[in-house]
Protein chains: 2
Amino acid sequence: MKTVKILICDDHTMVSQALAGFLEQQNFIKSVYICTTAAETIKKYETEFYDIAILDVNMEEMSGIVLAGILSTKYENIKIIMLSMRSDLLTVKESIKAGANGYLLKNADLSEVKNAISRVIDGKSYFSKQISQALLDDQLNLNSDKEEVFITPREREILLLIVKEYHTKQISETLNISENTVETHRKNIMKKTNTKTSVGLVRYAIERSLF
Amino acid sequence: MKTVKILICDDHTMVSQALAGFLEQQNFIKSVYICTTAAETIKKYETEFYDIAILDVNMEEMSGIVLAGILSTKYENIKIIMLSMRSDLLTVKESIKAGANGYLLKNADLSEVKNAISRVIDGKSYFSKQISQALLDDQLNLNSDKEEVFITPREREILLLIVKEYHTKQISETLNISENTVETHRKNIMKKTNTKTSVGLVRYAIERSLF
DNA sequence: AAAAATCTACCTGAAAACCGTTACAAAAAT
DNA sequence: ATTTTTGTAACGGTTTTCAGGTAGATTTTT
């Protein structure tokens with residue numbers, strides 16, 4: 001009963017090829033097609049329909065979430081499973097809004113892909129354990145008072161100069177403000193980002209690709 | 001002629017499992033063992049030797065490059081292939097310094113893994129096309145002033161703790177050495193890496209995927 | 001066995017970062 | 001129009017880092 005047709009879109013060819021190899025061994029899967037870009041995926045769907053699209057969230061040219069939005073509005077019967085390295089809730093929520101039926105973490109077990117496919121084919125949804133737990137906590141408002149941290153524009157300027165190895169004095173000269181002001185900003189940023197040293201600030205900035 | 005034993009270390013279980021599935025189909029590969037952390041890998045090697053270690057560069061708890069350094073100094077006959085999403089030269093060079101015999105990009109074709117394994121088993125090296133080209137360009141470039149910097153094992157330990165926001169005192173306690181010694185190491189690292197602040201050290205480490 | 005590299009440790013002094021707090025003007029949001 | 005946020009600035013004091021040495025013990029390499 002090889003009935004299901006699957007398309008995988010991930011710019012990490014190596015990963016999608018290996019994944020395809022695994023899926024092709026499953027007896028309920030008819031075929032697996034591999035794309036490396038969103039554009040390629042969109043084009044492919046215009047000539048051929050695939051029951052399930054497995055989309056990587058983090059792709060170079062276009063986010064998998066945007067792609068999911070495009071596909072889900074265009075093809076009613078499509079089922080979409082997102083694939084991601086990170087488990088931040090915001091991304092998950094956006095994926096759901098974009099029409100995703102499932103969300104898998106790359107650090108989950110390979111068998112989850114199989115399970116997810118079975119589930120979404122049956123019209124259900126599938127989320128990696130970590131994700132479903134987080135979604136639940138969020139709905140029950142157990143989501144610890146994690147107020148969103150917003151760095152102000154000026155603070156960001158100063159943060160970027162700190163990351164550039166500028167000292168307080170150099171920053172004050174660059175921005176034509178007092179050294180005291182720079183220190184105040186630094187302290188405020190540290191409070192907001194919950195860091196205690198400049199090293200922490202650098203990590204914060206880099207992890208969020210603020211520079 | 002199933003002779004080669006392979007170990008894969010990647011915190012993306014899904015990827016390593018799929019990759020393992022592919023490799024197990026190859027007739028020259030005897031077995032494939034999967035690890036999800038650097039610690040697990042180090043422990044496994046203490047009880048069993050694997051001819052080839054395929055290591056992901058960007059892992060949560062410890063950089064694959066640091067792991068490569070540990071393994072290559074401990075096991076003379078080991079061959080190491082790095083796996084990475086990014087192709088920046090600094091990271092590649094750092095991998096080579098750490099003892100890697102190959103460097104594969106995740107957006108390369110799956111067959112490259114097979115080729116890379118054959119090559120490193122024969123005592124040769126293998127780099128994805130994009131990488132080898134960049135390395136070549138770099139070598140032809142008149143980058144005479146850029147002598148390669150070699151951080152010692154101890155210095156690397158200290159560097160990683162600095163990046164973890166540890167203060168001198170905490171580092172000295174962690175490693176059971178004097179604060180003075182830690183400062184000496186820090187100064188030496190700064191001289192070698194041509195940086196003037198801890199922030200610079202963090203950038204140095206991050207740019208080379210050392211953490 | 002000798003030479004080189006690495007790891008260890010100490011010293012002094014200067015510079016920079018960190019901590020807690022207050023305060024006011026300008027700009028934005030309600 | 002008024003409350004809130006943002007940007008500015010200051011004070012005093014503590015801790016940590018940075019700079020430039022010297023130097024002996026232990027590994028590793030040659």
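The analysis underlying the following values was restricted to heavy atoms, covering all of them including side chains, and did not include hydrogens, waters or symmetry mates. In what follows, chains are A, B, ... by sequence order, proteins preceding strands, each numbered from 1. Just so it is clear, the structure is predicted and the values come from calculations on it, not from any experiment.
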Participant: Would you mind reading off the distance between I189(B) atom CD1 and dA19(D) atom C1', rounded to a whole angstrom?
Facilitator: 16 Å
Participant: Expressed in angstrom and rounded to an integer, what is the separation of L159(A) atom CG from dG7(D) atom P?
Facilitator: 13 Å
Participant: From dC11(C), dA9(D), dC19(C), pick the nucleotide closest to the side chain of K187(B)?
Facilitator: dC11(C)
Participant: Any side-chain N or O of H185(B) under 4.0 Å from OP1/OP2 of dC7(C)?
Facilitator: no
Participant: Both E179(A) and P153(A) contact DNA chain D. Taking the nearest nucleotide for each, which residue is further toward the 5' end?
Facilitator: P153(A)
Participant: Going by ring-ring contact (aromatic ring centres under 6.0 Å, His included), name the residues that satisfy it together with Y50(B), two or more places apart in sequence or in a different chain.
Facilitator: Y33(B), Y45(B)
Participant: Under 4.0 Å, counting only non-hydrogen atoms across every strand here, what does T181(B) touch: a base, just sugar-phosphate, or nothing?
Facilitator: base
Participant: Below 3.5 Å, does any donor atom in the side chain of S178(B) face an acceptor in the base of dC10(C), or the other way round?
Facilitator: no
Participant: Within this structure, what is the CZ-to-C1' distance between R154(B) and dA25(D), rounded to whole angstrom?
Facilitator: 14 Å
Participant: For N180(A) and dA10(D), is the shortest distance between a side-chain N/O and OP1 or OP2 below 4.0 Å?
Facilitator: yes
Participant: Rounding to a whole Å, what distance do you find between I171(B):CD1 and dC7(C):P?
Facilitator: 15 Å
Participant: Please determine, by modelled atom types, if T197(A) and E165(B) share a side-chain donor-acceptor pair under 3.5 angstrom.
Facilitator: yes
Participant: Check the interface with nucleotides 15-17 of chain C: list each N/O to N/O pair with the protein under 3.5 Å, or write none.
Facilitator:
| from | atom 1 | to | atom 2 | distance (Å) |
| --- | --- | --- | --- | --- |
| dA17(C) | OP2 | T168(A) | N | 3.1 |
| dA17(C) | OP2 | T168(A) | OG1 | 2.7 |

Participant: Mark yes or no for whether T91(A), through its side chain, and S87(A), through its backbone, hold a donor-acceptor pair below 3.5 Å.
Facilitator: no
Participant: Without decimals, in angstroms, what is the distance between E157(A) CD and dG7(D) P?
Facilitator: 9 Å
Participant: Distance check needed: dT5(D) P versus I151(A) CD1, whole Å only.
Facilitator: 15 Å
Participant: For a quick check under 3.5 Å, do Y166(B) and T174(B) share a side-chain donor-acceptor pair by atom type?
Facilitator: no
Participant: In this structure, how many angstroms lie between the P atom of dA5(C) and the CG atom of N188(B), rounded?
Facilitator: 14 Å
Participant: Show the numbers, then the answer: is there a side chain to side chain contact (heavy atoms under 4.5 Å, CB included) between I6(A) and D51(A)?
Facilitator: CA-CA 6 Å; I6(A) 294 176; D51(A) 306 287; over 6 Å; no
Participant: Could you tell me the separation between the CD1 atom of I162(B) and the P atom of dT16(D), rounded to a whole number of Å?
Facilitator: 14 Å
Participant: Say whether, by atom type as modelled, one donor and one acceptor occur between the side chain of S128(A) and the main chain of L105(A) under 3.5 angstrom.
Facilitator: yes
Participant: Is any side-chain nitrogen or oxygen of T152(A) closer than 4.0 Å to OP1 or OP2 of dT5(D)?
Facilitator: no
Participant: Between T36(A) and E40(A), do the side chains contain an N or O donor and an N or O acceptor separated by less than 3.5 Å?
Facilitator: yes
